[in-house]
Amino acid sequence: MLLFPDLKEKVEKKISSVLAGINSKDFDWDQTGHSDFSLRCFRLAKPDGYGKICDAVRNVLSSDAFIDRIECQGPYINIKVRGEAALEIMRDEIERAGIFPDTFQDPERILVEHTSTNPTGPLHIGRARNSILGDSLAKLMARMGYRVSTQYFVNDSGRQVMGMVEGFRRYGNGDRTLKTILSCYQKIYSLIDKDPEIRESVENLSKKYEEGDENTIREVKETCSVVLDSIRSSLLRLGIKIDDYVWESGFLRGGETESVLEMLSEYIQNEDGAVFITGDDGKKIYLKRKDGTTIYFLRDLAYHLFKALNADWIIDVMGEDHKGHARALSHVLINMLEYRPRLDFVFNSFVSLETGKMSTRGGNIVTLDEVMDRSRQEAELIVREKRKDLESDRLGAIAEAVGISSVRFNILRIGAEKAMVFRWKDALNVEGNSAPFIMYSYARASGILKHEPDAMEGELRLDEKEERDLVMKMYRYPYVLRAAMDSLKPEYVCNYLLELVNSFSAFYSSVNVIKSEEKNRNTRFLILHIYKKILEDACGIAGIRLLEEM
RNA sequence: GGGCGCGUGGCCUAGCCAGGAUAAGGCAACAGCCUCCUAAGUUGUAGAACGGGGGUCCGAAUCCCCCCGCGCCCGCCA
């Protein structure tokens, strides 16, 4: 939870003391540029009563030192606060806590599960959308004061993985590399429908694996590990480190899947030896096949019970194709297994290519690595062009930061529920609404601040519209964080960043900080100082790497 | 067929949950701005009655209903 002097709340409370029944529909931030807050009187009074309300609001607020102006325009009461007051709050908070806004350590432990893709091939850009969303969400919640950990549920016991391992056995010639494994996987899936013998051998492998055959287990793990290592290192390059990798097969061998079946015994039904329960929509939810092997749903139940051991709030980030699964899962957990933790699902829609759907088995994918490589190359061309003075080490570091940040931002920025088509032109965009646009602004602020590293004390005065606008935009940061948390939408932080940077650009082009008159200088350096702090904070959540120069 | 989601200038998006003051950015186009803190920037011009149609309301991009288009799902896959 956030701790900071909340001006909006203060104003709202004062107004409520003279006007009953105010809510967020009547009073809110003003987005139209008239003021900071506006009170809408449509529902509070008839047209001839607007003046009375205005007088009442004026009376109760005008004595407050942080209020600048109250103006009544028909049904709107516009309330402007003193920018200096907001700036002072931010300065004091940063001096006291080193951060704005400060947080109170919430006791809740949050567990965010994301990525969790089958280890059957490299991470493609569609799957990476899930990772980016999940990672930024985890970072957002951690920023809000929660104790957050992240997990990847490794599916090492499903049909796809068994197919991959069988494929590698047949066509891999012992060359246990990502490339070979992937091509074997694609090959076996091109043949499996035509050849019952292959299908049978995959089923046998699966059975042996679930029975706990040591050699089979080792073999599966070895092959999965190769793929998983590639996924792990791709993620790491994107700035994503997942705390724990939890292997599905662990719940098979540890007996947890069997325990779940016992817990569900009163609901369980049989059909030719296959085990199922009935969902709230009346559909059958299968837990075991007639050959006795487990189904993903059962293993996922076991996993979710395991998660509950160490977390108060479970957040699963999933592809939209898992919506049905999530619904059934939450029904069974809550209504049949008395699940305790808060449980939320966040879904991301698919990323398709201009040539159609992405498919690992079909070989129609753009991998995350490819995108990162090309994005970095593109960035390097630009840096080389702009910074002929730089040595290649430094240049490479900037290119990497720009390239990687761009990839993340271009994906995170789009609302997760929106399907997107991957286009190189958009993915490699480094101007306008992009990560480099934000990074550049930070580098500019840093450049100026080198002239005056600390400017925390002194009288505050805001004379220009652009500097006041920037200050108020900075002051909105905590409210954005809160909204992003409440709706589990880290993309709000991205949109805010773009707005904030726009305000900075206006400030930058209208005010020369270094050449400012003495009376303004100190305040302007302070603004830059706080601006950098907030950018660092928000970019930490969004996964943008900031540089002092670029 | 049923369920969930999406549809905003030529293109990509924000705004929709909690309805209100001229629908906000970017890309592409055109015309400008570096004797001044990094021009990856910035200013201006042109371009949208917010998929279509009803409804509720003083007021609808936003809420409700119908239709159309697109995505995802409807497996003893995950």
Side-chain angles (χ1 to χ4, degrees), chain A residues 23-26 28 30-34 38 40-43 46-47 73-76 78 116-118 120 153 155 157-161 163 248 271-276 281 283-291 293-297 299-300 318-325 327 347 349-350 352 357 379 382-383 385-387 402 410 413-415 417-421 423 425-426 429-441 443-451 483 486-487 489 491-492 494-495 498-499 501-502 505-506 508-516 524 528 549-550:
Chain A
N23 58 33
S24 61
K25 291 171 192 165
D26 305 311
D28 204 355
D30 171 58
Q31 304 278 35
T32 63
H34 290 80
S38 69
R40 295 185 280 260
C41 302
F42 298 96
R43 73 170 78 239
K46 297 222 164 78
Q73 293 170 19
Y76 296 94
N78 292 318
S116 298
T117 160
N118 285 341
T120 52
F153 192 34
N155 177 343
S157 43
R159 282 293 149 93
Q160 275 82 347
V161 165
E248 265 191 30
E271 186 182 88
D272 303 332
V275 174
F276 71 93
D281 55 1
K283 285 185 178 152
K284 289 174 183 170
I285 303 170
Y286 284 91
L287 304 175
K288 271 191 158 188
R289 301 186 183 88
K290 66 181 168 203
D291 68 2
T293 55
T294 59
I295 285 167
Y296 174 67
F297 193 88
R299 304 191 297 266
D300 206 19
M318 302 174 153
E320 63 170 335
D321 54 332
H322 278 60
K323 276 184 181 174
H325 175 77
R327 207 183 107 103
F347 299 103
S349 287
F350 278 33
S352 58
K357 280 176 73 164
I382 297 168
V383 184
E385 173 65 31
K386 292 183 189 290
R387 299 297 303 271
V402 169
N410 285 326
R413 172 174 103 70
I414 309 298
E417 71 288 343
K418 214 151 183 159
M420 55 190 294
V421 178
R423 291 186 185 91
K425 179 176 81 59
D426 297 336
N429 170 37
V430 297
E431 50 187 4
N433 292 341
S434 72
F437 173 61
I438 296 162
M439 297 167 72
Y440 182 65
S441 158
R444 275 177 154 181
S446 302
I448 303 171
L449 218 42
K450 283 193 186 107
H451 295 267
D486 288 344
S487 51
K489 284 177 187 289
E491 60 262 34
Y492 284 3
C494 296
N495 295 323
L498 292 173
E499 279 183 39
V501 169
N502 268 315
S505 293
Y508 182 89
S509 46
S510 74
V511 168
N512 188 309
V513 177
I514 291 171
K515 293 183 177 171
S516 294
R524 289 175 181 166
L528 290 176
E549 62 157 347
M550 60 186 282

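Per chain, numbering begins at 1; letters A, B, ... match sequence-line order.
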Roughly how many Å apart are [M] and [N], using the [atom1] atom of each and rounding to a whole number?
N: B:A23; M: B:A49; atom1: P; answer: 12 Å
N: B:U8; M: B:A31; atom1: C1'; answer: 28 Å
N: B:C50; M: B:A40; atom1: P; answer: 39 Å
N: B:A60; M: B:G52; atom1: C1'; answer: 16 Å
N: B:A24; M: B:U62; atom1: C1'; answer: 15 Å
N: B:G5; M: B:G51; atom1: C1'; answer: 16 Å
N: B:C58; M: B:C12; atom1: C1'; answer: 37 Å
N: B:U56; M: B:G71; atom1: C1'; answer: 30 Å

For [X] and [N], what is the distance between atoms [atom1] and [atom2] respectively, to the nearest whole Å?
X: A:M439; N: B:U38; atom1: CE; atom2: C1'; value: 14 Å
X: A:I414; N: B:C6; atom1: CD1; atom2: C1'; value: 13 Å
X: A:E499; N: B:A14; atom1: CD; atom2: C1'; value: 9 Å
X: A:F297; N: B:C77; atom1: CZ; atom2: P; value: 14 Å
X: A:R387; N: B:A39; atom1: CZ; atom2: P; value: 12 Å
X: A:F347; N: B:C4; atom1: CZ; atom2: C1'; value: 10 Å
X: A:E417; N: B:C6; atom1: CD; atom2: P; value: 6 Å
X: A:Q31; N: B:G19; atom1: CD; atom2: P; value: 15 Å

Does any non-hydrogen side-chain atom of [Y] lie less than 4.5 Å from one of [X]?
X: A:L287; Y: A:I295; answer: no
X: A:I382; Y: A:K386; answer: yes
X: A:R40; Y: A:Y76; answer: yes
X: A:E320; Y: A:S349; answer: yes

Given that A:V402 and A:D426 both sit by RNA chain B, which one's nearest nucleotide is further toward the 5' end?
A:D426

Earlier contact from the 5' end, RNA chain B, for A:A379 and A:E248:
A:A379

State whether the side chain of [X] and the backbone N or O of [Y] hold a donor-acceptor pair below 3.5 Å, judged by distance alone.
X: A:R43; Y: A:D26; answer: no
X: A:S505; Y: A:V501; answer: yes
X: A:R387; Y: A:M550; answer: yes

Glycosidic class, syn or anti, of B:C34 using a 90° window around 0
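Syn for B:C34; the angle stays within 90° of 0.
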
Could you check whether [X] gets within reach of a base, just the sugar-phosphate, or nothing at all, counting any heavy atom under 4.0 Å?
X: A:V511; answer: base
X: A:N512; answer: base
X: A:M420; answer: nothing
X: A:V383; answer: base
X: A:E549; answer: base
X: A:F437; answer: sugar-phosphate
X: A:G415; answer: sugar-phosphate
X: A:Y508; answer: base
X: A:Q160; answer: base
X: A:V275; answer: nothing
X: A:R299; answer: sugar-phosphate

Under 4.0 Å between a side-chain nitrogen and a carboxylate oxygen: does that hold for [X] and [Y]?
X: A:E271; Y: A:K290; result: no
X: A:R299; Y: A:E248; result: yes
X: A:E417; Y: A:K489; result: yes

Indicate for each nucleotide in nucleotides 67-76 of chain B, in 5' to 3' sequence, whether protein heavy atoms under 4.0 Å reach the base (B), only the sugar-phosphate (S), or nothing (-).
----BSSS-B

Could you run through nucleotides 20-33 of chain B and give me one letter per nucleotide, 5' to 3': B if any protein heavy atom sits under 4.0 Å from the base, S if only the sugar-phosphate is that close, - if neither?
BBB--BS-S-----

Minimum heavy-atom distance between A:S487 and A:Y492, given as atom pair plus value:
OG-CE2, 3.3 Å

Secondary-structure stems for RNA chain B, with pairs counted as Watson-Crick or G-U when both distances are under 3.5 Å and runs at least 3 long:
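Only these stems qualify: B:1-7 with B:68-74, B:10-13 with B:24-27, B:29-33 with B:41-45, B:51-55 with B:63-67.
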
Taking OP1 and OP2 of B:G7, is either one under 4.0 Å from a side-chain nitrogen or oxygen of A:K418?
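So the side-chain polar atoms of A:K418 do come within 4.0 Å of the phosphate oxygens OP1 or OP2 of B:G7, strictly under.
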
Does the plane of the ring in A:F153 sit parallel, tilted or perpendicular to the ring in A:Y296? Use 30° and 60° as the thresholds.
tilted

Can A:N118 and A:T120 be counted as having a side-chain donor-acceptor contact under 3.5 angstrom?
no

Does A:K323 make a cation-pi contact with A:F347 (under 6.0 Å, within 45 degrees of the axis)?
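Here A:K323 passes the 6.0 Å and 45° test against A:F347.
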
